[in-house]
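A short write-up of the structure that comes next.
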There are 2 protein chains.
Amino acid sequence: MKTNPSLPTADRLLEAAESLFAQKGFYGASIRDIAQCLSIAKSSLLHHYPSKEKLYGEVLNKIALEMTEEVRRIRQSVNDEREQLRQFIRLLWENSQNKPNRENIIIREMLDNPKRADKVKKWFFVDYLNELTGIIRSGQARGIFKPVVPEVFIFQLLGAHRYVVISMPTVKQFFPAETYKKVVSEHTRELEAFVGERLFVK
Amino acid sequence: MKTNPSLPTADRLLEAAESLFAQKGFYGASIRDIAQCLSIAKSSLLHHYPSKEKLYGEVLNKIALEMTEEVRRIRQSVNDEREQLRQFIRLLWENSQNKPNRENIIIREMLDNPKRADKVKKWFFVDYLNELTGIIRSGQARGIFKPVVPEVFIFQLLGAHRYVVISMPTVKQFFPAETYKKVVSEHTRELEAFVGERLFVK
DNA sequence: AAGTCTACCGACCGATCGGTAGACTGCCTC
DNA sequence: GAGGCAGTCTACCGATCGGTCGGTAGACTT
């Protein structure tokens, strides 16, 4: 794992932590390994982040802020909610290519959250989800979306996408190469068809 | 964590292991804790399963066999592929209620698999997935299903379901109680609508 | 020049990890 | 009754975990 050497140490640690937490999960990744990515001592990491939990929290927080901001930008740049969703699906796909760690960490967080969550007042991704359900509600108010339950629809859309993304390495390994190619090329098309048929009023 | 005391120790260990691996993942769960669920010593566990990896593998294998068998039974009991899929969705929902550990373990396995998989000849869930894509292919051959890519469709369907299931605890905690109720009550209805609109030829 | 701050280090801590060795116990078989 | 075997135990191992400690080098302030 390489990090950008021109960044401050604290930011490079966030990068390395994001990558290792994504690969191995909270328990599987050790702060020694994370520090080792920058060739610094573990105690130096603990100088920047007082505990492993805090470091993990900062990683989640950074991801959640970035993702929320991305959706807000889409909502501001276009008015039509149908186009907002199309752009959102494109964004999902781009991020799964450019920032593949995100999907892994988010899903791991959902799995581990019930055991850690009592310490957290507000969950990292509430804002993000509210932005997304906001798009649905707004479209429904204008009569161009069917009356689905916004939360269900968004969770299913995100699930359909993220599950495919985290499945990719497995598909690549255990299924024919042709199958893998088809999954990659047809995935977003299918997502768009799902949204179009299930949500958009004809 | 309680296990059924009338079962052989080896089976009770599988039960306990399934539960703990589901909750904490492979690294987060310790064989000490698993043995403690039965109030036996850790070395007694290692008498039944020679290593943590082997135990984990047995858990996965058992789950995969059960799930594959469930789908096979559906395929044998009804002929119409549309009805097979409807029953499969019902099965997904029932299992998410009765055997909530499964979804967690499967998703954790997909996340961790790339790092562990080199030791495995054949992936645990290949048969299961082939049964499911088989339903799609069979329906397409009979002209009652649209020409989607079977693998993409199945992965998206499974993803839409499993993501919602693993999100439930989080939704319950950070969203209004009413939202949680709506997600529970509308989830399978939405899945059925997804299949109906996206797959079935009208 | 003295004091202060940031960044970093190696040494060390208690706890826990997965796994091993050897002894004991009760049951079945010869 | 002897021997084997399955199942369980206590005791222990080396490795690694997250975290603390005292201290150092250098930049900046006053």
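Scope of the values below: all heavy atoms of this structure, side chains included, with no hydrogens, waters or symmetry mates.
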Got more than 12 heavy atoms from elsewhere within 6.0 Å of [atom1], [X]?
X	atom1	answer
B/E178	CD	no
B/N79	CG	no
A/K172	NZ	no
A/R189	CZ	no

For the residue pair B/Y56 and B/F21, is the inter-centroid distance of their aromatic rings smaller than 6.0 Å?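 Distance test on ring centres: under 6.0 Å, yes.
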For the residue pair A/Y180 and A/F175, is the inter-centroid distance of their aromatic rings smaller than 6.0 Å?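 Ring centres of A/F175 and A/Y180 not closer than 6.0 Å.
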Reckon [X] touches a base, only the sugar-phosphate, or nothing at all at heavy-atom distances under 4.0 Å?
X	result
A/L46	base
B/A41	base
A/A29	sugar-phosphate

What's the [atom1]-[atom2] distance between [X] and [N], to the nearest Å?
X	N	atom1	atom2	answer
B/I34	C/dG19	CD1	P	11 Å
B/I40	D/dG7	CD1	C1'	9 Å
A/Y49	D/dT20	OH	P	17 Å
B/D33	C/dT16	CG	C1'	10 Å
A/H47	D/dG23	NE2	P	18 Å
A/Q36	D/dG18	CD	P	14 Å
B/L45	C/dT20	CG	C1'	14 Å
A/E53	D/dG18	CD	P	11 Å

Give me, pair by pair, the N or O atoms of the protein and of nucleotides 11-15 of chain D that are less than 3.5 Å apart, along with how far apart they are.
none

Report the end-to-end axis angle of the helix from C/dA1-D/dT30 to C/dC30-D/dG1; each axis comes from five terminal pairs, and the value is rounded to 10°.
->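 It comes to 10° between the two terminal axes.
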| message | So, using ring-ring contact (aromatic ring centres under 6.0 Å, His included) as the criterion, who are the partners of A/F145 when residues are at least two apart? | response |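 So A/F145 forms a ring-ring contact (aromatic ring centres under 6.0 Å, His included) with A/F200.
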Just N and O in the side chain of [X]: are any of them under 4.0 Å from OP1 or OP2 of [N]?
X	N	value
B/T9	D/dT8	yes
B/S30	C/dT16	no
B/H48	D/dT8	yes

Which atom pairs, one a donor and one an acceptor, fall under 3.5 Å between side chains of residues 147-165 of chain A and the rest of the protein, sequence neighbours left out?
unit_1	atom_1	unit_2	atom_2	d
A/E151	OE2	A/R137	NH2	2.6
A/Q156	NE2	B/H187	O	3.2
A/Q156	NE2	B/H187	ND1	2.9
A/H161	ND1	A/H187	NE2	3.0
A/H161	NE2	A/L92	O	3.4
A/R162	NE	A/E103	OE1	3.1
A/R162	NH1	B/Y163	OH	2.5
A/Y163	OH	B/R162	NH1	2.5

Residue mapping more 5' on DNA chain D - nearest nucleotide basis, B/S39 or A/P50: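 Nearest-nucleotide comparison on DNA chain D picks B/S39.
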- Task: Go through the structure and list residues passing side-chain hydrogen bond (donor to acceptor under 3.5 Å, both in side chains) with B/S30, not counting sequence neighbours.
- Result: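 If we apply the side-chain hydrogen bond (donor to acceptor under 3.5 Å, both in side chains) test to B/S30, skipping adjacent residues, the hits are B/D33.
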Pairing residues for A/K146 by the salt bridge (Lys or Arg N to Asp or Glu O under 4.0 Å) criterion, not counting sequence neighbours:
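Checked A/K146 against salt bridge (Lys or Arg N to Asp or Glu O under 4.0 Å); matches are B/E197.
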